Amino acid sequence: AMNLLKLGRRQQAVVEFKKMFGEASGKFSDAQIYAAAMELIKESEYEIALEAFDRVVKNVKDRAMLESVLFNRGKALVELGRFDEGIKAFDGLIAQFPGTGYTIEACYYLNRAWSEIGAKEADPAKRKKAFDDAVSANNRAKKFEKNAGNLVKLNVEVARTWMRRATAEEQFGDKAKKTEYINEALAVYQMLVLTTDSNVPEVRPPLEDAFNESIPILAQMEKWSDALENSNQYLEQFPTGKYVAEIRRWKNKAQLNVTVSDKPAAPAGETEKPAAPGPATAVPAAKPEF
């Protein structure tokens, strides 16, 4: 099944996994089913992995394996958008094992799940509680986290939470608060972009995310000079980064808008005179692609 998955033959792989977790499950130990589920998590095949975790969760006696099953089951649920179930899973893990080594990661997913719920909640009181719970989970994670890369990751999630709050206010609440929350998100992103040392290996993946998510916000707010500066900074720090194509497009758009905004207006009462004929120059075939 794993070989089929790695070859891109997902439908055939799913059939084999379903046999393993279903009709043929008696032929495999819980440890074997758990091992298969962990491989599926690595491949982001959360739906199939969840079937495996549900198969073994009631039978696992080993504490380390049980903590892993409970955590990864919650992770799969959140990744599948089943946020209420994911929260219940993580709360159960932390209640059963208060000192679990998965506390930080569980809080990361709790922050995400609560903020996703808040973004879709029309009731102001329930929406506030959801975002308060998201902030509480993130603060708990930061209290224990020491790794520089994971701290950047947690701060990126803070910015995303502000953006989800802005989305909720746009749909259900106050437009002024929407602008306030977007500015809060942008402040977090810019703090990361401007102060994080990209030479530290573990910070690079979440820092790339911060660049990629902040530049469109700058463009939306028509802060073209800042968008151009951030784009150039990204391309300098991550010349082979995973977002190079997207950032180049934003750079082209920002450059075009900066050029237009910087063009001096003709004095009142005058019209702009055409330039005197000069040596022929190459004319671009089209404006920069976006």
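Not measured: the values here are computed from a predicted model.
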Exercise for the section: Please report the C-alpha distance between Ser115 and Arg165 in whole Å, then the side-chain angles of each, then the deciding distance to 0.1 Å, and finally whether the side-chain contact (heavy atoms from CB on, under 4.5 Å) criterion is met. Expected result: CA-CA 8 Å; Ser115 61; Arg165 294 192 79 163; over 6 Å; no
Between [X] and [Y] (side chain of the first, backbone of the second, donor and acceptor by atom type, cut-off under 3.5 Å), is there such a pair?
X: Glu246; Y: Asn212; result: no
X: Arg164; Y: Ala119; result: no
X: Asn155; Y: Leu151; result: yes
X: Asn138; Y: Ala134; result: no
X: Thr103; Y: Gly99; result: no
X: Arg204; Y: Gln237; result: yes
X: Ser68; Y: Ala64; result: no
X: Arg9; Y: Leu4; result: no
X: Asn230; Y: Phe211; result: no
X: Lys61; Y: Asn59; result: yes

If hydrophobic clusters are built by linking Ile, Leu, Val, Met, Phe, Trp and Tyr wherever their side-chain heavy atoms come under 4.5 Å apart, do [X] and [Y] end up in the same one?
X: Phe238; Y: Trp250; value: yes
X: Val135; Y: Val188; value: no
X: Val60; Y: Leu50; value: yes
X: Leu5; Y: Leu80; value: yes
X: Phe90; Y: Ile104; value: no

Looking only at non-hydrogen atoms, find the nearest pair between [X] and [Y] and report the distance.
X: Ala37; Y: Ala49; value: O-CB, 3.8 Å
X: Ala36; Y: Phe17; value: CB-CE2, 4.2 Å
X: Tyr102; Y: Leu93; value: CB-CD2, 4.1 Å
X: Ala137; Y: Cys107; value: O-CB, 3.2 Å
X: Gln233; Y: Val193; value: NE2-O, 2.9 Å
X: Val156; Y: Ala210; value: CG2-CB, 4.1 Å

Reported [atom1]-to-[atom2] distance for the pair [X] and [Y], which is rounded to 0.5 angstrom:
X: Leu207; Y: Asp197; atom1: CG; atom2: CG; result: 9.5 Å
X: Met20; Y: Ile48; atom1: CE; atom2: CD1; result: 12.0 Å
X: Leu77; Y: Ile87; atom1: CG; atom2: CD1; result: 11.0 Å
X: Asn111; Y: Arg140; atom1: CG; atom2: CZ; result: 13.5 Å
X: Lys126; Y: Ile117; atom1: NZ; atom2: CD1; result: 11.5 Å

Handout entry: Phe71 and Tyr109 aromatic ring geometry - parallel, tilted or perpendicular at 30°/60° bounds
Key = perpendicular
I'd like to know if [X] pairs up with [Y] as an ion pair, taking the criterion as any Lys NZ or Arg NE/NH1/NH2 lying under 4.0 Å from an Asp or Glu carboxylate oxygen.
X: Glu145; Y: Lys142; result: no
X: Glu51; Y: Arg55; result: no
X: Arg127; Y: Glu169; result: yes
X: Asp84; Y: Lys88; result: no
X: Glu121; Y: Lys128; result: no
X: Glu157; Y: Arg112; result: no
X: Glu116; Y: Lys120; result: yes

Quick check: are there more than 12 heavy atoms from other residues, nucleotides or ligands sitting under 6.0 Å from [atom1] of [X]?
X: Lys143; atom1: NZ; value: no
X: Glu47; atom1: CD; value: no
X: Asn3; atom1: CG; value: no
X: Lys242; atom1: NZ; value: yes

Exercise for the section: Take Met2 and Glu16, measure what side-chain contact (heavy atoms from CB on, under 4.5 Å) needs, and give me the verdict at the end. Expected result: CA-CA 9 Å; Met2 285 306 303; Glu16 298 304 316; over 6 Å; no
Exercise for the section: Decide whether Asp209 and Tyr243 meet the rule of one side-chain donor and one side-chain acceptor closer than 3.5 Å. Expected result: yes
Practice task
Among Lys6, Lys18, Arg10, find the one that has a salt bridge (Lys or Arg N to Asp or Glu O under 4.0 Å) with Glu45.
Solution key: Arg10
Problem - Cation over ring face, Arg73 and Phe53, 6.0 Å, 45° - result: no
Practice task
Let me know which of Tyr189, Phe131, Tyr181 forms a ring pair (Phe, Tyr, Trp, His ring centres under 6.0 Å) with Trp162.
Solution key: Tyr181
Exercise for the section: Start with the C-alpha distance between Asp123 and Phe172, add both sets of side-chain angles, then the distance that settles side-chain contact (heavy atoms from CB on, under 4.5 Å), and finish with yes or no. Expected result: CA-CA 8 Å; Asp123 182 272; Phe172 305 115; over 6 Å; no
